[in-house]
**Q** 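Could you have a look at this structure, given as structure tokens, before my questions?
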Amino acid sequence: MSKPIPVIIFLGAPGVGKGTQASLLSQNKGIPKVSTGDMLRHAVADDSELGRKVKEIMNDGGLVDDQTMLSVVRDRIRRPDCDNGFILDGYPRNLAQAASLNQALEPYMEMRVFELSVSDEDILKRLAGRRTCPECERIYNVHFQPPQKDELCDFDGKPLIVRKDDREEVVRRRLKTYKKETFPLMDHYRKLGVLNVVNGLQPKEKLAAQIIELL
Ligand code: AMP
């Protein structure tokens, strides 16, 4: 019998380290990370039709409508590099998106969900210190995971930036949106028996090892 194709979902508040863990797991498993936030930021940077549609919403810390997100995700996971599985970072974000995702998945795909849990206080601290490389999108944190050279990407030397939506007032709005929209997903996936809750405050390598072990 052939092995089920893994679909791994990372859930957790903004700034909790989902993107970092999704990247580490992607390298380890050799399957792509599908980050809706990255895809939307690319669209904004390219000034595409999608980018123009979502720019304001993203800058305000709100959620892009479910129909748009479904078509972005569906187009991406139909590409051949997702044939052996994929990792979702930032999708689904609410119960309606979870229902659409279930419909979009094939029966031979097996879903596993990881919730990275962290307190609000720690999230604010993490996000306030977060820096992103505008070139390769690697994420750093001036407190927890600083680059080797101040404010420069270790990989390509580009000056790191603070993402527009990492400003404090936007972060507070994103957290509010998260609690209202995304939190109910934990219960949903718990009931389906596919949820693993992990401590998002561990060092990233330790957490990555724990996730691989759980898989
Ligand atoms: P992220 O990098 O995942 O925090 O996403 C950045 C922003 O992109 C979010 O604050 C939303 O405005 C938008 N976004 C990303 N993923 C989704 C999604 N699944 N549903 C709605 N909006 C999203």
Side-chain angles (χ1 to χ4, degrees), residues 7-23 25-26 32-77 86-105 111 113-116 118 120 122-124 126-134 136-141 160-186 188-189 200:
V7 174
I8 300 157
I9 299 173
F10 279 100
L11 295 177
V16 84
K18 299 187 296 287
T20 304
Q21 288 303 322
S23 295
L25 190 61
S26 163
K33 158 180 145 174
V34 172
S35 160
T36 47
D38 285 352
M39 287 191 281
L40 295 178
R41 278 184 287 280
H42 279 152
V44 171
D46 293 346
D47 197 30
S48 66
E49 199 185 324
L50 172 66
R52 287 193 292 275
K53 186 166 152 186
V54 303
K55 190 174 173 178
E56 288 297 306
I57 302 168
M58 290 179 79
N59 285 346
D60 280 350
L63 289 186
V64 174
D65 70 278
D66 296 339
Q67 204 49 47
T68 303
M69 291 314 301
L70 178 61
S71 78
V72 168
V73 169
R74 215 169 26 197
D75 288 352
R76 178 65 190 90
I77 66 179
F86 50 90
I87 301 164
L88 288 170
D89 161 29
Y91 191 90
R93 263 317 215 267
N94 59 28
L95 287 168
Q97 292 183 5
S100 310
L101 175 66
N102 273 350
Q103 283 174 3
L105 296 183
M111 191 159 58
V113 183
F114 290 93
E115 179 200 347
L116 274 56
V118 173
D120 282 7
D122 283 312
I123 289 162
L124 283 173
R126 281 192 167 212
L127 283 176
R130 182 149 89 166
R131 301 288 182 274
T132 306
C133 173
C136 68
E137 276 149 11
R138 275 184 175 71
I139 297 164
Y140 300 86
N141 189 295
L160 303 176
I161 57 164
V162 177
R163 260 168 44 181
K164 273 207 179 111
D165 55 350
D166 282 343
R167 287 168 304 175
E168 189 167 335
E169 75 277 14
V170 183
V171 168
R172 288 191 188 278
R173 236 172 292 143
R174 286 168 69 200
L175 264 180
K176 218 167 135 189
T177 308
Y178 170 75
K179 291 216 169 125
K180 188 164 155 253
E181 299 282 334
T182 313
F183 210 67
L185 281 182
M186 311 307 168
H188 170 75
Y189 286 123

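As the structure is a prediction and not an experimental result, all values here were calculated from the model. One-based numbering, in listed order, for ligands and for the atoms of each.
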**Q** Please check if the side chain of Thr182 supplies one atom and the backbone of Arg93 the other of a donor-acceptor pair under 3.5 Å.
**A** yes

**Q** Strictly distance-based, threshold 3.5 Å: is any side-chain N or O of Lys18 a donor or acceptor partner for the main-chain N or O of Gly12?
**A** yes

**Q** Are any side-chain N or O atoms of Lys55 and backbone N or O atoms of Ala43, one a donor and one an acceptor, separated by less than 3.5 Å?
**A** no

**Q** Can you name the residues that form a side-chain hydrogen bond (donor to acceptor under 3.5 Å, both in side chains) with Asp65, not counting sequence neighbours?
**A** Thr68

**Q** If you take all heavy atoms of Val34 and Met39, which pair is closest and at what distance?
**A** CG1-CE, 3.6 Å

**Q** If you count every heavy atom of other residues, nucleotides or ligands that lies below 6.0 Å from Glu49 atom CD, does the total exceed 12?
**A** no

**Q** Protein N/O near ligand 1 N/O, under 3.5 Å, which pairs?
**A**
from: ligand 1; atom 1: 2 (O); to: Arg41; atom 2: NH1; distance (Å): 3.0
from: ligand 1; atom 1: 2 (O); to: Arg41; atom 2: NH2; distance (Å): 3.1
from: ligand 1; atom 1: 2 (O); to: Arg163; atom 2: NH2; distance (Å): 3.4
from: ligand 1; atom 1: 3 (O); to: Arg93; atom 2: NH1; distance (Å): 3.1
from: ligand 1; atom 1: 3 (O); to: Arg93; atom 2: NH2; distance (Å): 3.3
from: ligand 1; atom 1: 4 (O); to: Arg93; atom 2: NH2; distance (Å): 3.2
from: ligand 1; atom 1: 4 (O); to: Arg174; atom 2: NH2; distance (Å): 3.0
from: ligand 1; atom 1: 5 (O); to: Arg93; atom 2: NH2; distance (Å): 3.4
from: ligand 1; atom 1: 12 (O); to: Gly62; atom 2: O; distance (Å): 2.6
from: ligand 1; atom 1: 16 (N); to: Thr36; atom 2: OG1; distance (Å): 2.8
from: ligand 1; atom 1: 16 (N); to: Gly90; atom 2: O; distance (Å): 3.4
from: ligand 1; atom 1: 16 (N); to: Arg93; atom 2: NH1; distance (Å): 3.4
from: ligand 1; atom 1: 19 (N); to: Gly90; atom 2: O; distance (Å): 2.9
from: ligand 1; atom 1: 19 (N); to: Gln97; atom 2: OE1; distance (Å): 3.0
from: ligand 1; atom 1: 20 (N); to: Gln97; atom 2: NE2; distance (Å): 2.9
from: ligand 1; atom 1: 22 (N); to: Val64; atom 2: N; distance (Å): 3.0

